[in-house]
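Read the structure below first, then the notes.
All figures in this text were calculated on a predicted structure; none of them were measured in a lab.
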Amino acid sequence: MPAQKFESGHQDTVHDVAMDYYGKHIATASSDNTIKMIGVSGTTNQHLATIQGHKGPVWEVAWAHPKFGSLLASCSYDGRVMIWKEGNQNEWSQAHVFGEHKSSVNSIAWAPHEVGLCLACGSSDGNISVFTARTDGGWDTSRIDQAHPVGVTSVSWAPSTAPGALVGSGLLDPVHKLCSGGCDNT
């Protein structure tokens, strides 16, 4: 498949792009403090929405698994993590805002869907927060304090099933494993 290049519509650097589960939407994160939603189909693309709410550069965007609906998370220099929900087609609103971090939130990652609706966030304040949705619509928060004292730059979840579990003889509990990287070279 030949590469396709298109204008994002951003007024500043694009820091991250994320394609949804079905490969039909691309979300972009930019220093212009916005997220752009672009629809892709074959060799065509179309600007669908501009999502505003952050008060600083947006570093990353991440799609939740579609079994939870059309949800997108974003993190920013403003220290906030926002979860956006699509209501009507191409109309996005803030579903939740997490403001627990004291400085830039640099990385976000949704856990495998088998774990549930769970988002890890790494911040320049050195802490990692993990937000887990409850059935009542609220969120539980857990933290790993000073995971990287001079700043967390990345977080990532392991797959939910252990290697070989799909061909093994018994059912295993989902794996809950998170890794992180930081400015402390670890």
Practice problem: Decide side chain to side chain contact (heavy atoms under 4.5 Å, CB included) for Glu91 and Glu86; before the verdict, give the C-alpha distance in whole Å, the side-chain angles of both, and the deciding distance to 0.1 Å. | Solution: CA-CA 6 Å; Glu91 291 180 9; Glu86 186 178 29; 5.8 Å; no

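- Here the closest non-hydrogen pair linking Val152 and Gly122 is CG1-CA, 3.5 Å.
- No side-chain donor from either of His15 and Ser30 sits under 3.5 Å from a side-chain acceptor of the other.
- Lys36 and Thr50 form a side-chain donor-acceptor contact under 3.5 Å, judged by distance and modelled atom types alone.
- Side-chain atoms of Ile128 and Arg143, non-hydrogen and from C-beta on, never get closer than 4.5 Å to each other.
- Lys55 has its side chain out of reach of Tyr77: every pair of non-hydrogen atoms, C-beta onward, lies at least 4.5 Å apart.
- By the side-chain contact (heavy atoms from CB on, under 4.5 Å) test, Leu117 pairs with Ala64, Phe68, Leu71, Trp110, Ala133, Trp139, sequence neighbours left out.
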Review point. Taking it one step at a time, do Thr34 and His10 satisfy side chain to side chain contact (heavy atoms under 4.5 Å, CB included)?
Key: CA-CA 8 Å; Thr34 68; His10 285 293; 3.3 Å; yes

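- With contacts defined as side-chain heavy-atom distances shorter than 4.5 Å, the pair Arg80/Phe98 does not qualify.
- Ala49 and Asn90 get closest at one heavy-atom pair: CB-O, 3.7 Å.
- The side-chain heavy atoms of His101 and Ser129, taken from C-beta on, include a pair separated by under 4.5 Å.
- The backbone N or O of Gly42 sits less than 3.5 Å from a side-chain atom of Gln4, completing a donor-acceptor pair.
- Judged by distance alone, the side chains of Glu60 and Asn106 never bring a donor and an acceptor atom under 3.5 Å apart.
- Once rounded to the nearest 0.5 Å, the distance linking CD1 of Ile108 with OG of Ser123 reads 12.5 Å.
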*Please test Glu100 against Phe131 for side chain to side chain contact (heavy atoms under 4.5 Å, CB included), starting from the C-alpha separation and ending with a verdict.*
CA-CA 11 Å; Glu100 284 79 356; Phe131 303 109; 3.7 Å; yes

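- The minimum heavy-atom distance linking Ala158 with Pro112 is given by the pair O-CG, 3.2 Å.
- Side-chain contact of Ser107 with Trp59: a donor-acceptor pair under 3.5 Å is absent, judged by distance alone.
- Nearest heavy-atom pair across Ser180 and His148 is OG-NE2, 2.7 Å.
- Looking at Gln52 and Ile35, their side chains never come closer than 4.5 Å, going by heavy atoms from C-beta outward.
- Among residues two or more places apart in sequence or in another chain, the side-chain contact (heavy atoms from CB on, under 4.5 Å) test is passed with Val17 by Val14, Ile26, Thr28.
- Pairs engaging residues 121-140 under the salt bridge (Lys or Arg N to Asp or Glu O under 4.0 Å) rule: Arg134-Asp136, Arg134-Asp140 [sequence neighbours left out].
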Might you work through the side chain to side chain contact (heavy atoms under 4.5 Å, CB included) test for Trp63 and His25, ending with a clear yes or no?
-> CA-CA 10 Å; Trp63 292 93; His25 294 92; 4.0 Å; yes

Show your working on side-chain hydrogen bond (donor to acceptor under 3.5 Å, both in side chains) between Asn33 and His54 and close with a plain yes or no.
-> CA-CA 6 Å; Asn33 303 356; His54 283 291; over 6 Å; no

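- With a 4.5 Å cut-off on side-chain heavy atoms, Val130 and Trp157 count as touching.
- Under a 3.5 Å cut-off, the side chain of Thr153 and the backbone N or O of Gly181 do form a donor-acceptor pair.
- Smallest separation of non-hydrogen atoms from Val81 and Cys121: CG2-SG, 3.7 Å.
- The two atoms that bring Ala120 and Leu178 nearest to each other are CB-CD1, 3.8 Å, heavy atoms only.
- Side chains of Trp84 and Ser74: a donor-acceptor N/O pair is present below 3.5 angstrom, by distance only.
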